[in-house]
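Read through the structure below, which is laid out as C-alpha cells, and then see the notes.
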Amino acid sequence: MARRPPNSVWRDNFAELKKPLAREEARVEASRCLYCYDAPCVKACPTHIDIPRFIRQIAAADPLGSGATILEANALGHSCARVCPVEVLCEGDCVYHDWHDKPIHIARLQRYATDAVHASDELPFEPGADTGKRVAVVGAGPAGAACAVYLRRLGHAVTIFEKRKLPGGLNTSGVAEYKMNAKTSLEELRMLFRLGCSVKTGTTVDGALAAKLMRDFDAVFLGVGLARARGLGIPGEGLPGVMDSLSFIERVKAHDRSLPGSSAATVVIGGGNTAVDAATQSRRTGASTVVLAYRRAAEDMSAYDFEVALARTDGAEVLLNAAPKRILGRKKVEGVEFARTKTVKGKLVEEKKTFIVPCDRVITAIGQSKNRALPEFFGAALNDDGTIKVDAKTLRTSHAKVFAGGDMVNGGKEVVNASADGKRAAWGIHQTFIPGADPDEDSAYWVSTIDGRVVAPIVPRAEDVHEK
Amino acid sequence: MKNNHKPRAKIDLSANTGGIKSPNPFWLASAPPTNSGAQIMRAFEYGWGGAVWKTLGQDPPVVNVTSRYGAMDFGGQKIAGFNNIELITDRPLAVNLKEIYEVKKRFPKNAVIASLMVPCERQAWHDITKKVIDAGSDGIELNFGCPHGMSERGMGAAVGQVPEYVKMVTEFVKEASSIPVLVKLTPNVADVRFPARAAKAGGADGVSLINTINSIMGVDVETMVPKFSVGGKISHGGYCGPAVKPIALNMISQIATDPETRGLPISGIGGISNWSDAVEFMLLGSSSVQLCTAVMHHGFRIVEDLNAGLSGWMRRKGFTKLDDFIGKTAPNIVDWKHLNLHHKTVASIDKNKCIGCDVCYVACNDTTHQCIAIDTKKKNRKPHVVQDDCVGCNLCSLVCPVDGCITMTPVETGLKPLTWEELTKNGMKGYGEVYRRH
C-alpha cells in the first residue's frame with residue numbers, strides 16, 4: 001500500500017481556496033457595484049436573488065439585512081456563496097465584463113452576508129401559522145432542504161427522510177473541501193431544525209415506506225438526486241485500485257484514513273466537473289501523477305474552464321481524445337489502454353492503434369445513472385432519459401400529490417438549481433393545498449422571486465412606437 | 001540633422017497675495033500642519049510656497065481636548081469630509097515667535113503668515129501685531145473664522161459673523177501693521193459679501209476663505225453617541241475637506257464678482273486636494289491657495305505634484321505666470337437672471353460605450369423627466385434618449401459610470417439669446433419653447 005501523506009499536507013491542500021472578506025474589503029467591494037437597474041446578475045441567478053440590493057446593504061453596513069435578502073430568495077444562499085459556479089452565473093453576467101474591470105465578487109460578498117446571519121445565530125424568518133397539512137420530503141440534499149424551508153414558512157409540517165447519516169446530500173459529502181467543508185453545510189442545515197422540520201436520517205425509502213408516506217402525508221417532495229456512478233463497461237473494471245469518483249470524493253471529504261493509494265499514479269476517466277474534481281483532489285491527497293483522460297476534444301468537455309484550470313495548476317495532465325479500452329493488471333491496476341479518437345463529421349471515431357498509460361489507480365467519472373425505482377414507488381412517471389416528468393410551473397409529477405426537483409428532474413445541475421426547484425415546488429405544493437391562494441405577508445417576497453421578481457420594470461413608451 | 005527642439009516656456013509660479021509674496025501659490029493653511037517651526041521648515045523643504053502659522057493668541061495658551069478630529073468616508077474613499085474641534089495654538093507665544101524667526105532666517109523666500117486671534121481690544125491687537133512683525137512674519141491673517149470653542153469666548157467666527165467687528169478689528173491691526181493683512185472669513189454667515197466688504201472697508205489687503213463650516217460628524221448607531229466624541233459628548237466642529245469645495249468656490253466667486261470687493265486679493269481655501277482644484281480656485285479669483293485636509297491625509301509631499309501639475313497645465317494652456325489666468329472664469333459666474341433661456345442641450349448615449357447598467361434609465365424615469373427608454377426587443381438592455389423629451393438636465397451623464405458614454409450636446413435652436421431679465425422687460429414675450437414641458 002502506497003504511503004499516505006502526513007495530515008498537515010491534507011490540511012493545507014484542503015484549506016479554503018476563497019477566503020472570507022474582511023469588513024473593510026467587503027465595504028470597498030460592495031461600493032464598486034453599480035447597482036444596475038434590471039441587473040443581469042439577478043436574471044442569471046436561478047433563485048433570482050436581488051443581488052444589487054444585498055450588495056448595497058453590505059455597503060450600507062447592514063450585513064444582516066443583506067443576508068435576509070439573500071436567504072429570502074435562496075434558502076441555501078450560505079452554501080451557494082461557496083459552491084456556485086458564479087463564473088457562468090451571476091458574476092459571468094456582470095456589466096463590468098463590458099467595461100474595464102473584473103466583475104463584482106458577488107459570491108464572496110454573499111458569503112460575507114450569510115456568514116453574518118449564521119454568526120448572529122438568528123434566522124431572518126420563522127415558520128408560518130400551522131396549516132395542519134403534512135409533507136414528506138425524500139432526500140435532505142439541496143432540493144429537499146430548500147423545499148422544506150419554504151414549506152415550513154408557509155406553515156406546513158415537514159418530515160424529511162434521508163438515507164445518509166448526515167443531511168445535506170452532496171453539499172455535505174460531495175463538494176470539494178477547499179470549496180466548502182462539511183461543517184459549513186451542516187451549519188446551514190441547522191435551520192431545518194429551527195424551523196421545526198423532523199429529519200429522519202439513516203432512513204432509506206423503499207417501496208413499503210413509500211406506500212406508507214403516500215398514505216400518511218398530504219404531499220410528497222422527491223429530491224433524492226442521482227443514483228450510482230455509471231460503469232465504463234470495459235475489461236479490468238473489477239480490479240483492485242479501480243473506484244468511482246463519487247465514492248472517492250466522499251471518502252476524501254470524510255478524511256477516510258483507509259483510502260488506499262493516495263500517492264498512486266492516478267488516471268481519472270471523464271470530462272465533467274466531477275472528473276476534474278477527482279483529478280484535483282487526487283493531486284491534493286498526494287497522487288504522484290494524475291492524468292485526466294477524456295475521450296473527446298477539449299471543447300466537448302462539460303467541465304467548467306476554471307475547474308480544469310485549477311486541476312492543471314495543481315499538476316494534473318489533461319489527456320484528450322483518448323477512449324479507455326481496457327484496464328490492465330494482474331492482481332491490481334497497472335495501467336489503462338487507450339485508443340486515440342477523432343471527431344469526423346460530428347461522430348467520434350476510434351483509431352486502431354492503442355497506447356498504455358501506466359498507473360496504479362483508476363477513478364471513473366463518466367456520470368451517474370438515474371434512480372428509476374424510487375419515482376415509481378410514488379407513481380411518478382419518467383421521461384425517456386430517466387428524469388422525472390414534471391409540470392414546469394409547479395414541479396408536480398404525474399401523480400397529483402407528488403412533486404420533484406433537483407438532479408432527478410434536471411438531470412444533474414448545480415446546488416442553486418436544486419434550491420430554486422425546492423422553492424418552486426414548495427409554492428406548487430401550497431397551491432395544491434389552497435388553490436388560488438395569495439402568499440401571506442411573510443411569504444410574498446420569496447414567492448415573487450420564483451419566476452424572477454420584476455424588480456425593474458421597463459416601461460414601454462408611446463414615443464418608441466413613433467421612432468424610426 | 002535639423003534640430004526641431006523648441007525651448008520650453010519658462011513657467012513662473014511665484015505668487016503675490018495682497019503684497020505677500022511666495023515662490024508658488026501653495027500655502028499650508030493655519031492648522032495642525034503649521035503647529036511648529038520644525039513642521040513648517042520640513043514643508044518648505046518639500047516645496048511649499050508659504051505657511052500660515054497655527055493661530056497665535058494671548059498667553060497663557062489654550063488647552064485642547066483629546067479626541068480632536070472626525071471624518072466622513074464615502075463609498076470606498078476615506079475622508080471625503082473632515083471636522084475638528086482643535087483650538088488655536090496651545091504653545092506659549094514666545095516659543096512660536098522664536099520659531100517664526102528661525103523659519104524666516106532659514107527660508108527667507110517663503111511666505112510665513114502669522115494667524116492671529118486675541119480679544120476685541122485695540123491694545124491686545126496692537127501688541128500681538130508688533131510682536132509677529134518683529135519676529136519676521138511676511139503677513140498677518142486675522143482668524144475671524146474658527147467656528148468652535150474660541151467663538152464661545154467672543155473670538156474667531158463670533159467676530160467674523162458681525163461685519164462691524166470685522167471692520168473694527170481690521171482697523172486695529174492696520175493701525176499697527178507695516179506688513180500686509182489678510183482677513184480670514186467664516187462661511188457660517190448668510191452672505192459672505194458683507195464681512196468681505198467690512199474687511200475691505202477696514203483696510204484689509206486681502207481676504208482668505210473659507211474657514212471651516214459648523215458641523216456634527218454623525219451618530220454611531222450602535223452606541224447612539226456622537227461618532228466623534230470626547231467621552232460621549234461633542235460640540236460642533238469645523239467642517240472641511242473635499243466635500244466643502246463647491247461651497248468655497250461659490251463664496252470666492254461672490255467676492256470676486258461683487259462690485260464692492262472686486263479686485264480684493266483672495267487666498268482660496270476649502271477642500272483643495274490637487275493641482276486642478278487649485279486652478280479652479282485661481283480661475284475664480286484666488287491669487288494663492290491654502291491646503292490642510294489633503295496634507296493631513298497624505299503629508300507634505302503632495303506639494304510636489306501640486307507644483308508639477310500646475311506648471312504642466314500652464315504650459316499646455318500657454319500661460320507663463322499666475323496673473324495670466326487668475327480670475328479668468330469669474331465673469332462667467334452670474335445671476336440666474338442672466339442665463340440664456342434659449343440655450344438648448346440634449347443627452348445622447350454612445351451605444352458602443354454603454355455597458356447596460358441602466359442607472360441612467362432609472363434615474364431619468366423615477367426622478368427627472370422620463371426621456372430615457374429601453375427598447376427591449378431582442379433582449380437589448382441598452383437605453384437610448386428620447387431627445388424630443390430631453391430637457392438637458394445632465395442627470396444621466398452625471399450618474400453614468402462610463403467615461404464619455406453619455407454626452408450633452410448643444411442643439412441649434414435658431415433663437416436669439418434671451419435672459420429672464422430681458423424676458424420680464426419684454427412683458428414676458430419672445431420665449432421660444434426650447435424643451436417640451438409636460
Side-chain angles (χ1 to χ4, degrees), chain A residues 21-44 50-53 55-56 58-65 93-105 109 116 120 452 454-468, chain B residues 72-78 80 218-223 227 346 349-367 369-390 395-396 398-406 436 438:
Chain A
L21 291 170
R23 195 173 68 126
E24 194 55 22
E25 286 178 291
R27 192 175 69 89
V28 171
E29 182 63 13
S31 303
R32 219 162 60 81
C33 176
L34 298 174
Y35 196 57
C36 292
Y37 194 67
D38 66 324
C41 54
V42 181
K43 289 181 193 149
D50 191 339
I51 294 164
R53 171 167 144 187
I55 292 179
R56 194 172 162 79
I58 292 173
D62 184 12
L64 292 177
D93 271 12
C94 180
V95 298
Y96 267 93
H97 286 292
D98 287 340
W99 200 12
H100 57 63
D101 213 344
K102 290 192 294 286
I104 305 295
H105 295 306
L109 287 169
S120 78
V454 186
V455 289
I458 303 288
V459 186
R461 296 172 54 90
E463 283 82 350
D464 284 349
V465 180
H466 304 300
E467 267 186 56
K468 298 255 163 86
Chain B
M72 191 182 79
D73 301 341
F74 193 80
Q77 200 70 42
K78 298 292 283 183
V219 178
D220 183 321
V221 295
E222 295 303 321
T223 60
K227 248 181 197 162
V346 295
I349 300 171
D350 183 339
K351 278 216 152 56
N352 294 320
K353 285 185 178 162
C354 176
I355 58 172
C357 70
D358 296 351
V359 169
C360 60
Y361 174 82
V362 65
C364 182
N365 276 282
D366 282 1
T367 70
H369 299 92
Q370 299 80 49
C371 54
I372 294 184
I374 297 174
D375 176 3
T376 50
K377 272 175 268 166
K378 293 180 197 162
K379 290 192 175 175
N380 171 49
R381 293 185 61 254
K382 295 194 176 178
H384 62 272
V385 177
V386 182
Q387 294 193 332
D388 285 348
D389 278 0
C390 179
L395 182 69
C396 55
L398 299 176
V399 299
C400 179
V402 182
D403 196 20
C405 175
I406 302 186
R436 191 183 289 178
H438 294 287

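Considering CG of B:Asp403 and NE2 of A:His100, their distance stands at 9.0 Å, rounded to 0.5 Å. To the nearest 0.5 angstrom, B:Asn365 atom CG is 7.5 Å from A:Tyr37 atom OH.
At a 4.5 Å heavy-atom cutoff, A:Pro52 makes no contact with chain B through either its backbone or its side chain. With a 4.5 Å cut-off on non-hydrogen atoms, B:Asn352 does not touch chain A at all. When heavy atoms are compared at a cutoff of 4.5 Å, A:Tyr96 does not approach chain B at all.
Under the 4.5 Å side-chain criterion, counting only non-hydrogen atoms from C-beta, B:Pro401 is in contact with A:Trp99.
Within a 6.0 Å sphere centred on CZ of A:Arg56, other residues, nucleotides and ligands contribute 12 heavy atoms or fewer. By the 6.0 Å contact criterion, NZ on A:Lys102 is open, its count of non-hydrogen atoms from other residues, nucleotides or ligands being 12 or less.
Residue A:Asp98 comes nearest to B:Ile355 through the heavy atom pair O-CG2, 3.4 Å, listed as atom of the first residue, atom of the second, then distance. Considering all non-hydrogen atoms of both residues, A:Val95 and B:Arg381 come closest at CG1-NH1, 4.1 Å.
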